[in-house]
Protein chains: 2
Amino acid sequence: MTRILVVEDNADLAYGLRNNLEIEGYQVDVAEDGPEGMAKARRNPPDVMILDLMLPGADGFRVLKTLRDEGAGFPVLILTARGEETDKVRGLKLGADDYVTKPFGVLELLARVEALLRRAHPGGNGTKESREVFRFGEVEVDTATRTVTKAGREVTLAPKEYDLLLALFKRQGAVASRIDLMTQVWGYSAAVLSRTVDTHIAELRRKLENGSPEPKHILTVRKIGYRLQS
Amino acid sequence: MTRILVVEDNADLAYGLRNNLEIEGYQVDVAEDGPEGMAKARRNPPDVMILDLMLPGADGFRVLKTLRDEGAGFPVLILTARGEETDKVRGLKLGADDYVTKPFGVLELLARVEALLRRAHPGGNGTKESREVFRFGEVEVDTATRTVTKAGREVTLAPKEYDLLLALFKRQGAVASRIDLMTQVWGYSAAVLSRTVDTHIAELRRKLENGSPEPKHILTVRKIGYRLQS
DNA sequence: CGCCGTTTGTCAGGAACCTGTCAACCGGGG
DNA sequence: CCCCGGTTGACAGGTTCCTGACAAACGGCG
């Protein structure tokens with residue numbers, strides 16, 4: 001089984017990540033600071049390491065550099081704060097393989113992790129199985145290119161909109177509560193009493209259902225949430 | 001076996017929860033206040049924790065925060081009073097995974113618990129086995145989509161109507177008293193002197209039995225309540 | 001068989017609730 | 001500086017819920 005080491009001091013975030021990664025079938029280990037992260041990585045090298053650059057004690061840079069100097073070869077995905085351009089650069093120079101800026105959607109992170117794994121283990125059937133196309137009505141979604149078309153014509157979705165659509169699809173038609181959608185698309189500890197989910201749903205309907213007052217595919221389930229009807 | 005820890009100071013409610021959860025096949029442990037809840041959660045981490053936010057002594061918030069800070073990863077479902085909007089937000093921000101507002105129907109709670117377990121233990125066949133369909137006469141109920149069809153044609157039920165139908169179904173044909181239905185669907189244990197249950201039954205009959213004066217499936221048991229005949 | 005108290009069915013109105021929609025705001029990036 | 005995506009709260013419209021009053025049905029009993 002694929003193992004992922006998350007080095008993240010924020011307990012909430014770490015919890016959310018573990019949750020979502022485990023749902024995807026990964027075995028997850030969490031370290032709360034730099035030293036612990038290094039120790040765990042040495043004792044039992046993971047397939048992928050997710051590393052927050054802002055850590056108490058030894059910071060993420062040092063962890064990364066030290067491990068690479070020791071010859072650790074697993075791919076490392078770093079988490080940076082928004083706008084810390086230099087962090088990304090420095091991280092990549094020190095041997096990180098990719099980066100995600102906070103705050104980020106879980107689906108985005110998962111996509112990156114999968115990409116890293118595919119790169120690292122090209123032996124299997126890497127790129128092939130990840131090219132998945134699904135459709136409903138006259139809408140077609142290509143997960144490889146993150147492209148959506150309606151009746152053959154391309155529709156541009158904002159990142160959150162795309163992620164939300166994907167989250168709905170993953171339910172295979174079953175209802176998804178707002179909280180489920182929140183944790184899947186937005187990640188951790190999201191307050192669900194705002195109209196955030198609904199607003200994005202409305203946008204999806206506008207773009208994919210002609211804004212019809214009676215959507216045929218993106219359906220409301222009163223008191224619960226939404227579901228996608230193929 | 002799946003273990004659930006209920007932290008609830010109201011003895012009646014705690015007893016009711018234990019009862020219902022045990023019927024569903026869970027192993028239940030109850031703590032009557034915050035400290036006891038924390039102790040039990042530490043000694044023996046449950047698969048799901050149900051936590052009342054209004055507790056004597058250390059309140060639920062502190063319990064939740066402390067456990068999360070210690071790295072506890074099990075899903076937590078919080079119980080909040082109606083209208084305490086801020087409680088929900090705070091709870092979710094502290095790492096709760098879902099919330100239910102009091103008063104709540106047992107069925108609703110059970111559904112939430114199952115959802116949490118499904119998220120946490122994706123090992124099995126997550127979404128698949130939850131797709132359950134039952135039928136009686138020409139009516140078909142799909143619990144995954146919360147969809148009801150009669151003779152192939154979709155019938156839209158209001159949330160309470162759907163819940164009530166589900167409660168009847170779970171009795172497997174045995175009678176359910178009005179009080180039973182009340183506590184299962186509405187969460188009130190109060191004596192039933194209003195026509196609430198009857199009204200909803202009438203609506204179900206109208207939608208699913210053509211409003212016939214002689215229902216064939218949703219039957220009245222005089223002096224007791226109702227039962228569902230497949 | 002008819003009476004009577006009790007139980008259930010039905011109905012309608014208003015309260016409470018939920019979702020769709022919008023406009024304002026915020027922060028980042030060009 | 002403006003634009004864009006994302007988020008939020010306010011608001012409106014519609015739905016759903018609940019309740020109490022009344023009618024109908026039932027069952028026991030004289």
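Per chain, numbering begins at 1; letters A, B, ... match sequence-line order.
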>> Quick check on ring pair (Phe, Tyr, Trp, His ring centres under 6.0 Å): which of A/F136, A/Y226, A/F134, A/F169 does A/H217 satisfy it with?
In response: A/F136

> Hey, is the side chain of B/R195 poking within less than 4.0 Å of OP1 or OP2 on D/dG20, counting only N and O atoms?
Replying inline: no

>> Between the side chains of B/R135 and B/D142, is the shortest nitrogen-to-carboxylate-oxygen separation below 4.0 Å, so that they form an ion pair?
In response: no

> Nearest-Å distance, OH (A/Y226) to P (C/dC18)?
Replying inline: 13 Å

>> Using whole Å, what does the distance between atom C1' of nucleotide D/dC4 and atom NZ of A/K207 come to?
In response: 11 Å

> Salt bridge or not for B/D69 and B/K65, using N-O below 4.0 Å?
Replying inline: yes

>> How many whole angstroms separate atom CD of B/E214 from atom P of D/dC26?
In response: 9 Å

> What integer distance in Å separates A/L193:CG from C/dC18:P?
Replying inline: 12 Å

> Between the main-chain N or O of A/V155 and the side-chain N or O of A/K150, is there a donor-acceptor pair closer than 3.5 Å?
Replying inline: no

> For A/T220 and C/dG20, is the shortest distance between a side-chain N/O and OP1 or OP2 below 4.0 Å?
Replying inline: yes

> Which of the following nucleotides, D/dC17, C/dT19, D/dG5, is nearest to the side chain of A/P159?
Replying inline: D/dG5

> In whole Å, what is the span from the CG atom of B/D198 to the C1' atom of D/dT19?
Replying inline: 12 Å

>> Looking at A/T80 and A/T101, would you say the former's side chain and the latter's main chain have a donor-acceptor pair under 3.5 Å?
In response: no

> What's the closest nucleotide to the A/A158 side chain, out of D/dG5, D/dT8, D/dT19?
Replying inline: D/dG5

> Separation of A/R178 atom CZ from D/dT8 atom C1', in whole Å?
Replying inline: 15 Å

> For D/dT16, does OP1 or OP2 lie under 4.0 Å from any side-chain N or O of B/K160?
Replying inline: no

> Would you call B/E209 and B/R205 a salt bridge, taking side-chain N to carboxylate O under 4.0 Å as the test?
Replying inline: no

> Can A/D97 and A/R118 be counted as an ion pair, charged N to O under 4.0 angstrom?
Replying inline: no

> D/dT19 phosphate, OP1 or OP2: any side-chain N/O from B/T196 under 4.0 angstrom?
Replying inline: yes

>> Tell me whether the side-chain N/O atoms of A/W186 come closer than 4.0 Å to OP1 or OP2 in D/dG6.
In response: no

> Of all the nucleotides listed (D/dT15, C/dG9, C/dG20), which has the minimum atom distance to the side chain of A/R222?
Replying inline: D/dT15

>> Does C/dT21 have OP1 or OP2 under 4.0 Å away from a side-chain N or O of A/R206?
In response: no

>> Tell me which residues in residues 161-175 of chain B lie within less than 4.0 Å of DNA chain D, going by non-hydrogen atoms.
In response: none

> Between D/dT16 and B/H200, is there an OP1 or OP2 to side-chain N/O distance shorter than 4.0 Å?
Replying inline: no

>> Using whole Å, what does the distance between atom P of nucleotide D/dT7 and atom CG of A/L181 come to?
In response: 13 Å

> What is the distance from CD1 of A/I224 to P of C/dC17, rounded to the nearest Å?
Replying inline: 17 Å

> The side chain of A/R205 lies closest to which of these nucleotides: C/dG20, C/dG9, D/dG9?
Replying inline: C/dG20

> From D/dG9, C/dT19, D/dC18, pick the nucleotide closest to the side chain of A/S194?
Replying inline: D/dG9

>> Using a 3.5 Å distance criterion without hydrogens, assess whether the side chain of A/S212 forms a donor-acceptor pair with backbone atoms of A/E214.
In response: yes

